[in-house]
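Structure first, then comments.
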Amino acid sequence: MRMSQLFAPTLWEVPAEAETISHQYLLRAGMIRRIAAGIYTYLPLAQRVLEKIEEIVREEMNKQGGQELKMPTLHPAELWQESSRWDAYGKELFRLQDRHERDYCLGPTHEEVITDLVRREVNSYRQLPLLLYQIQTKFRDEIRPRFGLIRGREFTMKDLYSFDRDQEGLDISYQKMYDAYSAIFRRCALKFQVVEADTGAIGGTDSHEFIVVADTGEDEIVYCEGCDYAANVERAVAADEEEDYREPEGELELVSTPGVSTIDAVASFFKAPPRRLLKTLVYLAIDGETYKPVVVVLRGDREVNEIKLQNHLGCMHLALADAETVREITGAPVGFAGPVGLVDVPLLIDREVMAVVNGVCGANKADYHWINVNPGRDFPTSEIADIRRVVAGDKCHSCGSPLHSARGIEVGHIFKLGTKYSEDLGATFLDGEGRERPIVMGCYGIGVPRTMAAAIEQNHDEKGIIWPMSIAPYQVVIVPVNSKNSEQMDLAEVLYAEMNEAGIEVVIDDRDERAGVKFNDADLIGFPLRVTIGSRSLKEGKVEIKDRATGKVTLVKAGEAVGVLQEKIKKASAAR
RNA sequence: CGGGGUAUAGCUCAGUUUGGUAGAGCGCUAGCAUGGGGAGCUAGAGGCCAGCGGUUCAAGUCCGCUUACUCCGACCA
């Protein structure tokens with residue numbers, strides 16, 4: 001490819017809309033352009049990178065026995081009503097109607113469509129297991145599209161669905177995908193962490209996320225260095241902390257605390273550490289039109305993990321109650337709620353609270369707190385659950401070492417679905433004994449554009465992108481320093497022809513631009529290798545090969561350049 | 001869904017206070033010059049000031065509505 005022809009409009013200034021590095025560089029390197037919020041056009045350079053990632057994905061899927069197919073993006077509502085996700089998926093589902101006013105949606109994922117296919121075509125255990133996948137555009141009306149390609153409303157995803165006879169079969173398919181995903185991200189040269197994850201709207205039992213570690217990531221994970229425990233904070237659990245004080249239970253006592261309503265204020269008023277306070281929150285568990293209040297108690301220094309809470313309650317949505325509802329339920333303004341004496345409302349106690357002795361809580365009366373509050377004695381503890389948010393420094397529940405936290409981008413997610421969809425949609429098979437059984441399913445997704453963006457978040461410097469060889473749009477760029485110098489230009493053309501002949505993916509910068517412009521564009525776009533042809537080295541009949549990642553320059557004779565490049569490309573591709 | 005902000009040249013932004021002929025830098029075109037890290041000089045092209053509706057002799061500027069984009073929040077008592 002000739003740089004003079006390449007449609008890659010690079011930008012010198014940073015467009016105002018871009019916050020994250022990957023977003024900025026994708027725009028500046030002329031790889032993407034936005035058409036609406038969360039919707040982008042991929043320009044040729046981005047398209048090449050995406051194709052490379054997709055090809056790696058394909059190879060690893062096929063290696064595990066996956067078969068590629070392609071399903072429609074336009075889905076009839078009936079299918080989604082059968083799985084009851086037409087309602088459950090909520091506002092994230094793009095809905096539309098045809099001319100007959102029949103309802104459709106744009107597929108945010110394809111469990112319904114694939115299960116419909118399989119229920120029609122698969123009848124016997126002899127046809128299982130089956131691994132089917134596609135690389136297809138998904139549509140999700142995200143609450144807030146962000147960070148360029150990291151959270152878009154239209155994006156490409158590889159989704160594979162596994163169909164097995166039983167749980168053991170599912171375990172095998174799941175492990176295959178686990179291995180395939182690890183191989184894919186390793187081949188993309190990404191540093192990633194596999195974590196236990198919440199299953200969210202997809203449903204199912206076990207689930208792992210593949211998280212690319214990056215400070216700008218939207219997800220927070222915790223991991224243990226003492227063992228291999230790692231989890232998304234949405235799901236993470238930690239060992240309960242032992243209280244380090246021992247004292248006899250005191251007598252419950254009402255204390256006047258005018259205007260003392262926040263945890264900090266209460267702590268300093270009573271000169272007690274926040275961990276001895278009982279934080280009491282009123283939540284509304286929402287299911288469609290109906291909602292009911294739930295009072296939640298946890299230690300003063302802890303925060304609620306709303307995902308855990310929602311899972312425990314089994315409701316569709318959660319919201320903190322407004323001040324008026326709080327007053328209705330507790331009889332006190334916000335800041336003076338407590339579990340003591342609350343009736344007619346479910347009381348959910350965080351497990352850790354059980355260890356608190358002589359705690360402090362609001363008295364459900366303006367400007368009063370109880371002291372010497374003890375769980376069980378002073379309020380009922382019939383419903384106990386782990387609902388707190390784990391933080392760095394908490395102890396690992398399996399080995400006791402301190403947990404660490406990190407941020408990252410979720411690039412892959414695998415689920416054991418079980419029989420949820422096969423039962424809802426009636427996808428069954430006859431086993432060896434002639435019994436009808438639901439197919440056991442799994443689903444496995446990779447966000448392709450997001451993987452590209454994550455690669456940039458992890459591989460860049462102040463000048464631009466540093467593509468890993470395996471997914472670089474082109475492997476080499478040839479830069480003749482002085483375009484008016486025919487000796488340089490001629491040699492550039494000769495090398496360009498040789499490289500094309502040798503199968504190297506190469507761009508020649510044949511533009512009549514100053515050297516600085518060409519160098520800066522090369523660095524911005526991030527070609528892994530740059531061949532510089534200039535007067536300095538040409539005097540000795542040599543050209544320079546510069547490694548984008550290390551900045552290391554190798555001088556080689558012009559005639560040997562192609563061989564050396566092939567060697568470097570081979571080495572870089574095999575590096576991981 | 002709630003709250004803030006923004007919308008002027010391809011990009012980044014002034015101009016709005018106090019209404020009176022549309023601006024800068026970068027980019028683009030042509031030329032000169034230069035040729036190892038976005039240097040320089042000259043001459044140009046390029047705007048329905050997001051849209052609609054008001055006020056006014058006169059609106060980018062004042063008022064109202066709409067749309068799009070964007071940030072914050074869906075926060076702990």
Side-chain angles (χ1 to χ4, degrees), chain A residues 9-19 23-24 27-28 30 33-39 90-91 143-148 257 259-267 274 277-284 286 295-306 309 317-323 325-327 329-330 332-339 350 360-364 366-367 369 387-389 391 462-464 479-489 509 511-524 530 532-539 543-544 546 551 553:
Chain A
T10 56
L11 303 174
W12 181 232
E13 284 166 307
V14 183
E17 67 192 68
E19 277 188 289
H23 193 189
Q24 289 174 5
L27 286 167
R28 287 190 48 205
R33 287 294 184 263
R34 201 195 54 172
I35 181 154
I39 307 176
K91 290 185 174 171
I143 191 167
R144 198 168 146 197
R146 258 201 272 218
F147 303 146
T257 54
V260 179
S261 66
T262 64
I263 287 288
D264 283 349
V266 174
L277 312 189
L278 302 177
K279 187 188 279 189
T280 307
L281 306 169
V282 181
Y283 271 93
L284 298 176
I286 304 168
V295 173
V296 166
V297 181
L298 64 164
R299 236 170 55 181
D301 59 333
R302 298 303 194 184
E303 297 191 351
V304 170
N305 179 332
E306 293 191 349
L309 178 57
H317 297 288
L318 265 187
L320 271 173
D322 54 273
T325 311
V326 169
R327 185 182 282 274
I329 287 168
T330 68
V334 166
F336 297 96
D350 181 62
V360 178
C361 70
N364 298 324
D367 297 334
H369 279 77
I387 50 167
R388 77 178 170 92
R389 185 183 168 88
V391 295
E462 67 287 346
K463 287 174 177 298
V479 179
V481 170
N482 183 347
S483 58
K484 289 284 193 310
N485 178 310
S486 59
E487 190 189 1
Q488 291 179 20
M489 291 306 282
D509 199 338
R511 296 174 300 172
D512 182 17
E513 289 285 358
R514 296 176 56 86
V517 173
K518 292 187 273 196
F519 290 154
N520 280 318
D521 274 345
D523 289 344
L524 177 60
R530 187 183 85 197
T532 314
I533 302 171
S535 50
R536 279 185 203 161
S537 47
L538 205 52
K539 281 183 291 198
V543 299
E544 298 157 32
K546 184 169 184 179
V553 175

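Just so we're on the same page: letters track the sequence lines, and every chain starts at 1.
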### Query
Mind checking the P distance from B:rG10 to B:rC48? Whole angstroms is fine.
9 Å
### Message
Rounded to whole Å, please give me the gap between CD in A:Glu487 and P in B:rG35.
### Response
16 Å
### Query
A:Val481 and A:Lys518: which non-hydrogen atoms are nearest, and at how many Å?
O-NZ, 3.7 Å
### Query
Looking at B:rG36, B:rG35, B:rC69, which one has an atom nearest to any side-chain atom of A:Ala36?
B:rC69
### Task
With heavy atoms under 4.0 Å as the rule, sort A:Ile263 into base, sugar-phosphate or nothing.
sugar-phosphate
### Query
For the side chain of A:Asp521 and the base of B:rG38, is some donor closer than 3.5 Å to an acceptor across the two?
yes
### Message
Partner lookup for B:rG73, please. Criteria are Watson-Crick or G-U wobble with both distances under 3.5 angstrom; report none if nothing qualifies.
### Response
B:rC1
### Summary
Assign each of A:Phe147 and A:Val282 the nucleotide of RNA chain B bearing its closest heavy atom; nearer the 5' end lies the nucleotide of A:Phe147
#### Entry: Between B:rC69 and B:rG23 - C1' atom distance, rounded Å
24 Å
### Query
Among B:rG38, B:rG36, B:rG35, which nucleotide sits nearest the side chain of A:Asp512?
B:rG35
#### Entry: Donor-acceptor pair under 3.5 Å, A:Thr532 side chain vs B:rG36 base
no
### Query
What interatomic distance, in whole Å, is found between C1' of B:rC28 and the corresponding atom of B:rA9?
11 Å
### Integer-rounded Å distance: B:rG37 C1' and A:Arg511 CZ
13 Å
### Message
Distance check, P atoms only: B:rA7 and B:rC13, in whole angstrom units.
### Response
10 Å
#### Entry: Separation between the C1' atoms of B:rU34 and B:rU21, rounded to whole Å
40 Å
### Task
Considering only atom C1', compute the distance from B:rU18 to B:rA33 and round it to an integer number of Å.
47 Å
### Task
Rounded to the nearest angstrom, tell me the gap between atom CD in A:Glu303 and atom P in B:rC75.
13 Å
### Message
Please check this pair: side chain of A:Arg33 against backbone of A:Leu27, looking for a donor-acceptor N/O pair closer than 3.5 Å.
### Response
yes
#### Entry: Interatomic distance where CD belongs to A:Glu513 and C1' belongs to B:rG37 [whole Å]
13 Å
### Query
Across the strands shown, which category fits A:Val479 at heavy-atom distances under 4.0 angstrom: base, sugar-phosphate, nothing?
nothing
### Query
Distance-only, no hydrogens or angles: does the A:Asp367 side chain make a donor-acceptor pair with backbone N or O of A:Gly259 under 3.5 Å?
yes
### Task
Check each of A:Asn305, A:Leu309, A:Leu281 against A:Leu298 using the side chain to side chain contact (heavy atoms under 4.5 Å, CB included) test, and report the only one that passes.
A:Leu281
## Note on the structure
With the side chain defined as heavy atoms from C-beta on, A:Tyr283 is closest, among B:rC76, B:rG37, B:rG38, to B:rC76
### Task
Side chain of A:Trp12 only, please: which of B:rU34, B:rC76, B:rG38 is the nearest?
B:rG38
### Rounded distance (Å) that lies between atom P of B:rU34 and atom CG of A:Asn482
11 Å
### Task
Measure the distance from CZ on A:Arg28 to P on B:rU12 and round it to the nearest whole Å.
13 Å
### Task
Give the nucleotide from the list B:rC11, B:rC76, B:rU34 with an atom nearest to the side chain of A:Glu13.
B:rC11
### Query
With both distances under 3.5 Å as the test, what is the Watson-Crick or G-U wobble partner of B:rA7?
B:rU67
#### Entry: Earlier contact from the 5' end, RNA chain B, for A:Leu11 and A:Arg34
A:Leu11
### Message
Tell me which nucleotide, if any, is Watson-Crick or G-U wobble paired with B:rG38 when both distances must be under 3.5 Å.
### Response
none
### Task
Taking only the side-chain heavy atoms of A:Lys463 (C-beta and beyond), determine which of B:rC76, B:rG35, B:rG37 contains the nearest atom.
B:rG37
### Task
Sticking with atom C1', work out how far B:rU6 lies from B:rC49, rounded to a whole angstrom.
14 Å
### Message
Taking the minimum atom-to-atom distance to the side chain of A:Val304, which one of B:rC76, B:rU70, B:rU34 wins?
### Response
B:rC76
### Query
Has the side chain of A:Lys539 got a donor or acceptor that lies under 3.5 Å from a partner of the other kind on the base of B:rG36?
no
#### Entry: Pair of N/O donor and acceptor under 3.5 Å linking B:rG35 base with A:Gln488 side chain
no
### Message
Walk me through whether A:Asp512 and A:Lys484 qualify under salt bridge (Lys or Arg N to Asp or Glu O under 4.0 Å).
### Response
CA-CA 8 Å; A:Asp512 182 17; A:Lys484 289 284 193 310; 3.3 Å; yes
### Query
Taking the side chain of A:Ala37 as its heavy atoms from C-beta onward, which of B:rC69, B:rC75, B:rG36 lies nearest to it?
B:rC69
### Query
For the side chain of A:Asp523 and the base of B:rG37, is some donor closer than 3.5 Å to an acceptor across the two?
yes
### Message
Please report the distance separating the C1' of B:rG15 from the corresponding atom of B:rU29, rounded so that it comes out in whole Å.
### Response
27 Å
### Message
Does the structure show a Watson-Crick or G-U wobble partner for B:rC62, both distances under 3.5 Å? Name it, or say none.
### Response
B:rG54
### Minimal non-hydrogen separation, A:Leu277 against A:Ala267, with atom names
CD1-N, 3.9 Å
### Electrostatic pair A:Asp521:A:Arg511 at N-O distance under 4.0 angstrom
yes
### Summary
For B:rU18, the nucleotide meeting Watson-Crick or G-U wobble distances (both under 3.5 Å) is none
### Message
Any side-chain to backbone donor/acceptor pair from A:Lys279 onto A:Asp301? Under 3.5 Å, distance only.
### Response
no
### Watson-Crick/G-U partner (both atom distances under 3.5 Å) of B:rC28
B:rG44
### Query
Rounded to the nearest Å, what distance is computed from the CZ atom of residue A:Phe336 to the P atom of nucleotide B:rC76?
15 Å
#### Entry: Euclidean distance, atom CG of residue A:Leu27 to atom P of B:rC69 [Å, nearest integer]
15 Å
### Message
Using OP1 and OP2 only, check whether a side-chain N or O of A:Arg530 sits under 4.0 Å from B:rG36.
### Response
no
### Query
Base, sugar-phosphate, or nothing: which does A:Lys91 touch, judged by heavy atoms less than 4.0 Å apart?
nothing
### Query
What nucleotide among B:rU34, B:rG36, B:rC76 has an atom nearest to a side-chain atom of A:Glu306?
B:rC76
### Query
Between A:Ile263 and A:Gly300, which heavy-atom pair has the shortest distance, and what is it?
CG2-O, 3.7 Å
### N/O donor-acceptor pair, side chain A:Arg33 with base B:rG10, under 3.5 angstrom
no
### Task
Can you figure out which of B:rA39, B:rC69, B:rG37 approaches the side chain of A:Phe519 most closely?
B:rG37
